[in-house]
Trainee: 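Pasting a structure below so you can have a look.
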Amino acid sequence: MHVSFDPWSPAFVADPYPAYAALRAAGRAHWFEPTGQWLIPHHSDVSALLRDRRLGRTYLHRFTHEEFGRTPPPAAHEPFTTLNGQGLLDLEAPDHPRIRRLVSKAFTPRTVENLAPTVRRLAAGLVDAFVARGGGDLLAEVAEPLPVAVIAEMLGVPEEDRGPLRPWSAAICGMFELNPSEETAKAAVRASEEFSAYLRGLIAERRRAPGDDLISALIAAHDEGERLTEQEMVSTCVLLLNAGHEATVNTTVNGWRTLFHHPEQLAALRAAPASLPTAVEELLRYDTPLQMFERWVLDDIEVDGQVIGRGAEVALLFGSANRDPERFAEPDRLDLGRVDNPHITFGAGIHYCLGAPLARLELEASFGELLRKAPAMRMVAEPEWQPGYVIRGLKELVVEV
């Protein structure tokens with residue numbers, strides 16, 4: 001049943017969708033021994049379990065490692081474990097709603113709307129330079145710099161300090177892959193130490209001289225009585241950078257690769273640029289940047305008659321859910337005009353992506369600029385995929401304009 005589900009295979013990573021179809025046809029919950037997880041491939045189940053309070057991103061708010069039947073992480077991983085464990089994505093109540101309430105103020109519709117001119121200006125500058133060069137690696141020269149610059153602006157990271165941000169993020173995100181190696185863990189620990197030290201210095205600087213940025217706002221909220229430790233500030237800033245650009249970067253290059261493989265859809269989009277918001281939603285669905293989202297079972301649940309007991313871990317397959325024919329008509333067909341499109345690329349429930357409106361703004365800005373200014377853009381060669389499966393994207397996307 002699971003022969004085709006092989007997240008370490010380059011062929012699987014390049015095209016996991018046939019394997020997902022086989023999983024969905026075979027049932028609603030599948031035990032996957034190599035990772036010790038239950039694979040959940042159907043849209044209805046993934047959507048429901050994202051909202052089910054009997055599951056959590058952590059269990060430490062209710063149980064010790066020993067009570068939950070789990071081995072504590074190695075002591076050598078402590079810098080990464082602490083950094084990741086205090087981030088918004090891996091917290092549950094009461095800490096999660098407290099921190100989310102503070103951070104969400106930076107992502108209100110009005111705030112994002114106020115950011116729009118900055119995002120569009122940055123996107124226009126990157127695309128103008130890219131077109132002037134005649135093209136290049138779209139990932140390194142447009143897709144990555146835009147969201148990193150936006151998040152850095154929000155956090156108040158000076159331009160001259162931004163060079164290490166993407167490498168730090170890539171090293172930390174390596175730990176979110178399935179069964180990461182010890183080499184991956186060492187790189188994540190090193191990046192966690194360096195990134196944390198940098199942010200602690202920046203927080204100290206903002207305490208002395210506040211600015212018009214999110215770090216200054218979090219410090220002010222703390223001083224006004226909101227409970228927010230320095231570690232929570234550091235972890236929140238790292239999460240905002242990681243989550244704030246990984247999905248946008250990969251949706252940009254995965255999306256352009258998809259468009260190049262569907263020239264008739266690309267031509268229709270160029271002819272009707274006002275349809276871009278709907279097209280972006282379809283690109284988010286069609287080739288999902290985050291393929292899997294994991295949750296712990298805190299109290300027994302049942303999926304289609306299969307009892308999954310406390311202490312288990314479920315792997316919610318976003319990529320499969322977004323291609324489920326029970327929810328999407330002709331799910332394997334790219335339809336940039338699709339209007340009934342409840343994809344779960346940004347999650348659901350209390351961990352729904354705070355930055356989804358900002359991600360959409362960035363995607364519409366960069367796609368729009370490229371559609372206008374590079375109407376003859378084409379791939380130079382079929383790109384290779386990164387080895388990672390959970391966060392799935394290309395190594396590069398070399399194009400001519």
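Here, residue 1 is the first one in the sequence, and each next residue gets the next number.
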Trainee: Only distances under 3.5 Å count here; give the side-chain donor-acceptor pairs of residues 67-78 to other protein atoms, sequence neighbours excluded, each with its distance to 0.1 Å.
Mentor:
| residue | atom | partner | partner atom | Å |
| --- | --- | --- | --- | --- |
| Glu67 | OE1 | Thr64 | N | 2.9 |
| Arg70 | NE | Gly311 | O | 3.3 |
| Arg70 | NH2 | Gly311 | O | 2.7 |
| His77 | NE2 | Glu182 | OE2 | 3.4 |
| Glu78 | OE2 | Thr82 | OG1 | 2.4 |

Trainee: Within the distance-only criterion (no hydrogens, no angle test), does the side chain of Arg100 pair as donor or acceptor with the backbone N or O of Ile350 below 3.5 angstrom?
Mentor: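 Present.
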Trainee: Look at the side chain of Arg24 and the backbone N and O of Glu326, then say whether any donor-acceptor pair between them is shorter than 3.5 Å.
Mentor: no
Trainee: Does any pair with a residue in residues 241-261 pass ring-ring contact (aromatic ring centres under 6.0 Å, His included), and if so which ones, sequence neighbours excluded?
Mentor: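 Applying ring-ring contact (aromatic ring centres under 6.0 Å, His included) to every pair that reaches into residues 241-261, excluding sequence neighbours, yields Trp256-Phe260, Trp256-Phe367.
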Trainee: Keeping to residues at least two apart or across chains, list the salt bridge (charged side-chain N to carboxylate O under 4.0 Å, His left out) pairs with something in residues 105-132.
Mentor: Asp128-Lys373
Trainee: Thinking salt bridges, do Glu230 and Arg200 make one under a 4.0 Å N-O criterion?
Mentor: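 Judged by the 4.0 Å cut-off on N to carboxylate O distance, Glu230 and Arg200 do form a salt bridge.
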Trainee: Donor-acceptor pair, Ser169 side chain versus Leu165 backbone, under 3.5 Å?
Mentor: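 No; judged by distance alone, with no hydrogens or angles, the pair does not exist.
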Trainee: Restricting to pairs with a member in residues 147-160, which pass salt bridge (charged side-chain N to carboxylate O under 4.0 Å, His left out), not counting sequence neighbours?
Mentor: Glu153-Arg162
Trainee: When you check the gap from the basic side-chain N to the acidic O, do Glu92 and Arg62 get nearer than 4.0 Å?
Mentor: no
Trainee: Do any pairs count as a ring-ring contact (aromatic ring centres under 6.0 Å, His included) and have a residue in residues 83-118, sequence neighbours left out, and if so which ones?
Mentor: His96-His351
Trainee: Do the side-chain N and O atoms of Ser235 and Gln231 include a donor-acceptor pair separated by under 3.5 angstrom?
Mentor: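 Checked: Ser235/Gln231 side chains pair up, N/O donor to acceptor below 3.5 Å.
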Trainee: Got a salt bridge between Arg310 and Asp299, using NZ or NE/NH1/NH2 to carboxylate O under 4.0 Å?
Mentor: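 So Arg310 does not pair with Asp299 through a salt bridge.
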Trainee: Does any part of the side chain of Gln291, heavy atoms only, come nearer than 4.5 Å to the side chain of Pro7, both counted from C-beta?
Mentor: no
Trainee: With no hydrogens and no angle check, do the side chains of Thr35 and Gln37 hold a donor and an acceptor under 3.5 Å apart?
Mentor: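 Yes - a donor-acceptor pair under 3.5 Å links their side chains.
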Trainee: How would you list, by chain and number, every residue that makes a side-chain contact (heavy atoms from CB on, under 4.5 Å) with Gln265, sequence neighbours excluded?
Mentor: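 With sequence neighbours excluded, Gln265 shows a side-chain contact (heavy atoms from CB on, under 4.5 Å) to His262, Leu334, Leu336, given in chain and number order.
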Trainee: For a quick test of your reading: what N or O donor-acceptor pairs under 3.5 Å do the side chains of residues 83-90 make, sequence neighbours left out?
Mentor:
| residue | atom | partner | partner atom | Å |
| --- | --- | --- | --- | --- |
| Asp90 | OD1 | Arg57 | NH2 | 3.3 |

Trainee: Check Arg98 with Glu232, please: is the shortest side-chain N to carboxylate O separation under 4.0 Å?
Mentor: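 Salt bridge between Glu232 and Arg98, a charged N being under 4.0 Å from a carboxylate O: yes.
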Trainee: Verify whether one side chain among Ser47 and Ser44 offers a donor that lies under 3.5 Å from an acceptor in the other.
Mentor: no
Trainee: Pairs under 3.5 angstrom only: tabulate donor-acceptor contacts from the side chains of residues 389-401 to other protein residues two or more places apart or in another chain.
Mentor:
| residue | atom | partner | partner atom | Å |
| --- | --- | --- | --- | --- |
| Tyr389 | OH | Tyr20 | OH | 2.7 |
| Arg392 | NE | Val13 | O | 2.5 |
| Arg392 | NH1 | Asp287 | OD1 | 2.5 |
| Arg392 | NH2 | Val13 | O | 3.3 |
| Arg392 | NH2 | Ala14 | O | 3.1 |
| Lys395 | NZ | Glu384 | OE1 | 3.2 |
| Glu400 | OE1 | Arg378 | NE | 3.3 |
| Glu400 | OE1 | Arg378 | NH2 | 2.7 |

Trainee: Applying salt bridge (charged side-chain N to carboxylate O under 4.0 Å, His left out), which residue pairs with at least one partner in residues 245-258 are found, sequence neighbours left out?
Mentor: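 The answer is Arg166-Glu246, Arg257-Glu382.
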Trainee: Considering residues at least two apart in sequence or located in another chain, which fulfil the side chain to side chain donor-acceptor pair (under 3.5 Å) criterion with Thr345?
Mentor: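 If we apply the side chain to side chain donor-acceptor pair (under 3.5 Å) test to Thr345, skipping adjacent residues, the hits are Asn322, His343.
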Trainee: Is the closest side-chain heavy-atom distance between Glu177 and Thr184 below 4.5 Å?
Mentor: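 Of all side-chain heavy-atom pairs linking Thr184 with Glu177, none is under 4.5 Å.
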Trainee: If we ignore angles and hydrogens, is there a donor and acceptor under 3.5 Å between the side chains of Thr248 and Thr251?
Mentor: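 No, no side-chain donor-acceptor contact under 3.5 Å.
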Trainee: Would you mind checking if Asp340 and Arg327 are paired as a salt bridge, meaning a charged N to carboxylate O distance below 4.0 Å?
Mentor: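 Between Asp340 and Arg327 there is a salt bridge, with a charged N closer than 4.0 Å to a carboxylate O.
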Trainee: Considering only residues two or more places apart or on different chains, which pairs with a residue in residues 119-141 satisfy ring-ring contact (aromatic ring centres under 6.0 Å, His included)?
Mentor: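 For residues 119-141, and leaving out neighbouring residues, there are no ring-ring contact (aromatic ring centres under 6.0 Å, His included) pairs at all.
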Trainee: Side chains of Ser216 and Asp213 only: does a donor on one sit below 3.5 Å from an acceptor on the other?
Mentor: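 Short answer, yes.
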Trainee: Which residue pairs pass the ring-ring contact (aromatic ring centres under 6.0 Å, His included) test with at least one member in residues 161-188, sequence neighbours excluded?
Mentor: Trp168-Phe195
